[in-house]
**Student:** 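The structure is given below, and queries will be raised subsequently.
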Amino acid sequence: MADPKGFMTTPREDWPRRPVEERVRDWDEVYVPGALLPVISKQADRCMDCGIPFCHEACPLGNLIPEWNDLVSREDWRAAADRLHATNNFPEFTGRLCPAPCEAGCVLAINQPAVTIKNVECAIADRAWAQGFAPPRPPDRLSGRTVAVIGSGPTGLAAAQQLTRAGHTVAVYEKDDRIGGLMRYGIPAFKMEKHHLERRIEQMRAEGTKFRTSTAVGRDVGAAELRTRHDAVVIATGATAWRELDVPGRELAGIHQAMEYLPLANRVCEGDLETSPLSAAGKHVVIVGGGDTGADCLGTAVREGAASVTQLDIYGRPGDERDEDAEPWPTYPKIYRLSAAHEEARDLRTAPAADADARLFAASTLRFTGDANGRVRALHLTEVDAARRPLPGTGRAIPADLVLLALGFSGPDREDGLIDGFGLALEPRGTIARDSGFATNVPGVFAAGDAARGQSLIVWAIAEGRAVAAAVDRHLTGSSQLPAPISPYDRPMTV
């Protein structure tokens, strides 16, 4: 603990965002470049090095947060990078994309703003790359065993890197034309620029990991062939089966799933398309769903030049402070949060139908209506109570030329034939069934990440990748030195 009084003398200071009017004109990350390092050492001083650091328990990766906070406060960046990478393969991803349950579990958060753990993590990761503290780590020798990893999201990449470093020959199979999964085509560049992803992929290539893009297992490569070719298989395809909205008018043109919309916008940024076929430019956009994916659609639509953007959230507006009875510390609370996209919508007043920040809380979709050409033109909604029951007399219609459904995901998609090809057993909710060692009902085939856990956070995805790598290593060699931060049955802290 570098400064015993740091938490009393230094207020919380977050990484500043660029002005709204500036950042909505480009796809660069929303934060002011270079503005984090001047403040981060003092922010790390606020860490109290608690006797029982609940930030550890709140993070499934078991990040050694007080240790690297102390090292950053002393500006020992190399040691801080070593301690950070000891538990997290991709801290520059989590430092930008994770909602930071560690901060909710910070002891300081009992009665003060938490330590800026996420910002400290991001600063360490970026400094490690800038100063060469994250070199490739190829294995000293090869085991002679081969592993196929299906899916290149954070789970698949973490599993592949751990197994490669353990000496196994690993091939990652990805159905898209580029590596990265949802980090590539689902996450907008203004949240994480893709050069962060490219840098890690090149590191993994230098370590020996092989990548097979545009290869859908179950369609382009059969399950039987893959099992014959490799000693073990890890399925990390994510939860890509999106939830539907079964209301009258759903068949109208102009109503799309969020994950039909976001990849096209990302492909424009990649240079594959000049404009998106689903561009929001000049349209009245309504986003159904109040989560992070909905916020990503919001920020994207604003940058595309939408005439208006409104986001519907079926839940009521959360309070500004933690409800100590319903969600006591150190659980992750449902509180009112203002993402960068919501800040942009608020300042630009994108949603005349909403009070602020483009969100309509406690709003449920009743139906869609369209024009004579079969295109959507309005969304009809009603306000609901806490039990999601419609409130009489609150129905109204709002203009909608483009509707985006951001209702979450139920499990892995079965249309590509992967699940049936392997003959995998499923849980009642549609996720892949596995035992306490991440093994499926098919010998030598393991499942990890959202495909088996269900839709979750990026930190849980990476933790699953690290844990399944240890299980596969043990299966191949009889023992493993690889860390296993979680079991398949671990869940976030709740009341």
**Student:** Which atoms form the tightest heavy-atom contact between Ala58 and Gly105, and what is the distance?
**Tutor:** CB-CA, 4.2 Å
**Student:** Answer with yes or no whether the side chains of Arg466 and Asn89 bring together a donor and an acceptor at under 3.5 Å.
**Tutor:** yes
**Student:** Do NZ/NE/NH1/NH2 and the carboxylate oxygens of Asp420 and Arg414 come within less than 4.0 Å?
**Tutor:**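 Yes, Asp420 and Arg414 are salt-bridged.
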**Student:** Is any side-chain heavy atom of Leu108 closer than 4.5 Å to one of Arg46?
**Tutor:** yes
**Student:** Where do Asn88 and Thr94 land on the side-chain contact (heavy atoms from CB on, under 4.5 Å) test, with the steps shown first?
**Tutor:** CA-CA 9 Å; Asn88 188 349; Thr94 53; 3.0 Å; yes
**Student:** Which heavy atom of Glu324 sits nearest a heavy atom of Trp329, and at what distance?
**Tutor:**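 That closest heavy-atom pairing would be OE1-N, 3.6 Å.
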**Student:** Could you tell me whether the side chains of Tyr261 and Glu304 share a donor-acceptor contact shorter than 3.5 Å?
**Tutor:**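 Glu304 and Tyr261 do have a side-chain donor-acceptor pair below 3.5 Å.
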**Student:** Indicate yes or no: at least one non-hydrogen side-chain atom of Thr209 is less than 4.5 angstrom from one of Arg205.
**Tutor:** no
**Student:** Could you measure the distance from the CZ atom of Phe7 to the CD atom of Gln112? Nearest 0.5 Å is fine.
**Tutor:**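 So the CZ of Phe7 and the CD of Gln112 are separated by 7.0 Å.
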**Student:** Within the supplied structure, the quantity of interest is the number of heavy atoms (other residues, nucleotides, ligands) at a distance under 6.0 Å from Glu57 CD; does it exceed 12?
**Tutor:** no
**Student:** Do Arg137 and Glu207 sit within salt-bridge range, that is, some charged N less than 4.0 Å from a carboxylate O?
**Tutor:** no
**Student:** Does Leu142 offer a backbone N or O that forms a donor-acceptor pair with the side chain of His168 under 3.5 Å?
**Tutor:** no
**Student:** Should Ile150 and Val233 be marked as a side-chain contact (heavy atoms from CB on, under 4.5 Å) after you check the CA-CA gap, both sets of side-chain angles, and the distance that decides it?
**Tutor:** CA-CA 8 Å; Ile150 307 173; Val233 176; 3.8 Å; yes
**Student:** Does any part of the side chain of Asp220, heavy atoms only, come nearer than 4.5 Å to the side chain of Tyr173, both counted from C-beta?
**Tutor:**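 No - every pair of side-chain heavy atoms lies 4.5 Å or more apart.
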**Student:** Please name the pair of heavy atoms, one in Pro488 and one in Ser436, separated by the smallest distance, quoted to 0.1 Å.
**Tutor:** CD-O, 3.4 Å
**Student:** Determine whether Arg18 and Asp26 make a side-chain contact, defined as any pair of heavy atoms from C-beta on separated by less than 4.5 Å.
**Tutor:** yes
**Student:** Please find the pair of heavy atoms, one from Asn69 and one from Val120, that lie closest to each other, and give the distance.
**Tutor:**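 Looking at all heavy atoms of both residues, the closest pair is OD1-CG1, 3.4 Å.
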**Student:** Looking only at side-chain N and O atoms, does Asp176 offer a donor or acceptor that is under 3.5 Å from a partner on Thr213?
**Tutor:** no
**Student:** Ignoring hydrogens and angles, tell me if any N or O in the side chain of Asp490 forms a donor-acceptor pair with the backbone of Ser487 under 3.5 Å.
**Tutor:** yes
**Student:** Check whether any side-chain heavy atom of Glu92 lies under 4.5 Å from a side-chain heavy atom of Trp129, and answer yes or no.
**Tutor:** yes
**Student:** Less than 4.0 Å between a side-chain N and a carboxylate O, is that true for Asp14 and Arg12?
**Tutor:** yes
**Student:** I want to check something: taking the side chain as every heavy atom from C-beta on, are Val107 and Pro53 in contact at a cut-off of under 4.5 Å?
**Tutor:**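 In short, these two side chains do not touch, never coming nearer than 4.5 Å.
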**Student:** Among all residues two or more places apart in sequence or in another chain, which pass the ring-ring contact (aromatic ring centres under 6.0 Å, His included) test with Phe133?
**Tutor:** none
**Student:** Which residues pass the side-chain contact (heavy atoms from CB on, under 4.5 Å) test with Pro333, not counting sequence neighbours?
**Tutor:** Ala104, Arg322, Glu327, Ile335, Arg337
**Student:** With a 4.5 Å limit on heavy-atom distance, are the side chains of Asp70 and Pro66 in contact?
**Tutor:** no
**Student:** Are any of the side-chain nitrogens in Glu464 or Arg453 under 4.0 Å away from the carboxylate oxygens of its partner?
**Tutor:**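 A salt bridge links Glu464 with Arg453.
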**Student:** Within the side chain of Thr164, is there an N or O that forms a donor-acceptor pair under 3.5 Å with the backbone of Ala160?
**Tutor:**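 Answer holds: yes.
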**Student:** So, Glu415 and Arg219, do they make that salt bridge, N to O below 4.0 Å?
**Tutor:** no
**Student:** Without swapping roles, check the side chain of Glu427 against the backbone of Ala433 for a donor-acceptor pair under 3.5 Å.
**Tutor:**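 Judged by distance alone, no pair lies under 3.5 Å.
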**Student:** Starting at OG1 of Thr228, measure out to CG of Leu226 and round the result to the nearest 0.5 Å.
**Tutor:** 9.0 Å
**Student:** To the nearest 0.5 Å, tell me how far Leu262 CG sits from Thr293 OG1.
**Tutor:**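 Output value for this atom pair is 7.0 Å.
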**Student:** So how far is it from Met204 CE to Ser152 OG, rounded to the nearest 0.5 Å?
**Tutor:**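 Those atoms lie 9.0 Å apart.
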**Student:** Using a distance-only test with no angle check, is there a side-chain donor-acceptor pair under 3.5 angstrom linking Asn119 and Gln43?
**Tutor:**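 Judged by distance alone, the side chains do not pair up.
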**Student:** Looking at Ala425, is its backbone amide N or carbonyl O close enough to the side chain of Asn441 to form a donor-acceptor pair, meaning the two atoms are under 3.5 Å apart?
**Tutor:** yes
**Student:** Hey, does the Lys NZ or Arg CZ of Arg267 hover above the aromatic six-ring of Tyr185, less than 6.0 Å from the centre and inside 45° of the axis?
**Tutor:** yes
**Student:** What is the minimum heavy-atom distance between Leu84 and Pro91, and which atoms define it?
**Tutor:** CD2-CB, 3.5 Å
**Student:** What orientation do Tyr31 and Trp15 show, parallel under 30°, tilted 30 to 60°, or perpendicular over 60°?
**Tutor:**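 Plane angle under 30°, so parallel.
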**Student:** Among residues at least two apart in sequence or on other chains, which ones pass side-chain contact (heavy atoms from CB on, under 4.5 Å) with Pro277?
**Tutor:**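 So Pro277 forms a side-chain contact (heavy atoms from CB on, under 4.5 Å) with Leu264, Leu273.
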**Student:** Taking the side chain as every heavy atom from C-beta outward, state whether Phe446 and Thr440 have any atom pair closer than 4.5 Å.
**Tutor:** no
**Student:** With sequence neighbours excluded, give me every salt bridge (charged side-chain N to carboxylate O under 4.0 Å, His left out) pair touching residues 27-39.
**Tutor:**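 Found Glu29-Arg96.
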**Student:** Roughly how far apart are Arg200 CZ and Phe90 CZ, rounded to 0.5 Å?
**Tutor:**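 Nearest 0.5 Å value for the CZ-CZ distance: 6.5 Å.
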**Student:** After noting the C-alpha distance and the side-chain angles of Asp413 and Ile419, does the key distance pass the side-chain contact (heavy atoms from CB on, under 4.5 Å) rule?
**Tutor:** CA-CA 8 Å; Asp413 193 347; Ile419 290 174; over 6 Å; no
**Student:** Side chain of Lys118, backbone of Glu103: donor and acceptor closer than 3.5 Å?
**Tutor:** no
**Student:** Just by modelled atom types, is the Met183 backbone N or O under 3.5 Å from a matching donor or acceptor in the Lys194 side chain?
**Tutor:** yes
**Student:** With sequence neighbours excluded, tell me which residues meet ring-ring contact (aromatic ring centres under 6.0 Å, His included) with Trp77.
**Tutor:**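 Counting only residues at least two positions away or on another chain, Trp77 forms no ring-ring contact (aromatic ring centres under 6.0 Å, His included).
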**Student:** Report the residues that fulfil side-chain contact (heavy atoms from CB on, under 4.5 Å) with Asp450, sequence neighbours left out, ordered by chain and then residue number.
**Tutor:** Ala239, Ser456
**Student:** Cation-pi between Arg303 and Phe190: NZ/CZ under 6.0 Å from ring centre and within 45° of the ring axis?
**Tutor:**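 Yes, a cation-pi geometry.
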**Student:** Okay, side chain of Arg229, backbone of Thr146: is any donor-acceptor separation there less than 3.5 Å?
**Tutor:**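 Not a single qualifying donor-acceptor pair exists.
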**Student:** Please report the closest heavy-atom contact between Pro412 and Ala451, naming both atoms and the distance.
**Tutor:** CD-O, 3.5 Å
**Student:** When rounded to the nearest 0.5 angstrom, what is the spacing between CG in Asn63 and NE2 in His85?
**Tutor:** 10.5 Å
**Student:** Got more than 12 heavy atoms from elsewhere within 6.0 Å of CG, Asp292?
**Tutor:**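 At most 12 heavy atoms, drawn from other residues, nucleotides or ligands, come within 6.0 Å of this atom.
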**Student:** Please lay out, stage by stage, how Arg83 and Leu71 fare under the test side-chain contact (heavy atoms from CB on, under 4.5 Å).
**Tutor:** CA-CA 9 Å; Arg83 299 313 288 150; Leu71 291 164; 3.7 Å; yes
**Student:** What I want to find out is whether Arg178 reaches Asp272 closely enough, with some N-O distance under 4.0 Å, to be called a salt bridge.
**Tutor:** yes
**Student:** For residues Gln162 and Asp473, is any side-chain donor paired with an opposing acceptor at under 3.5 Å?
**Tutor:**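 No donor-acceptor contact under 3.5 Å links the two side chains.
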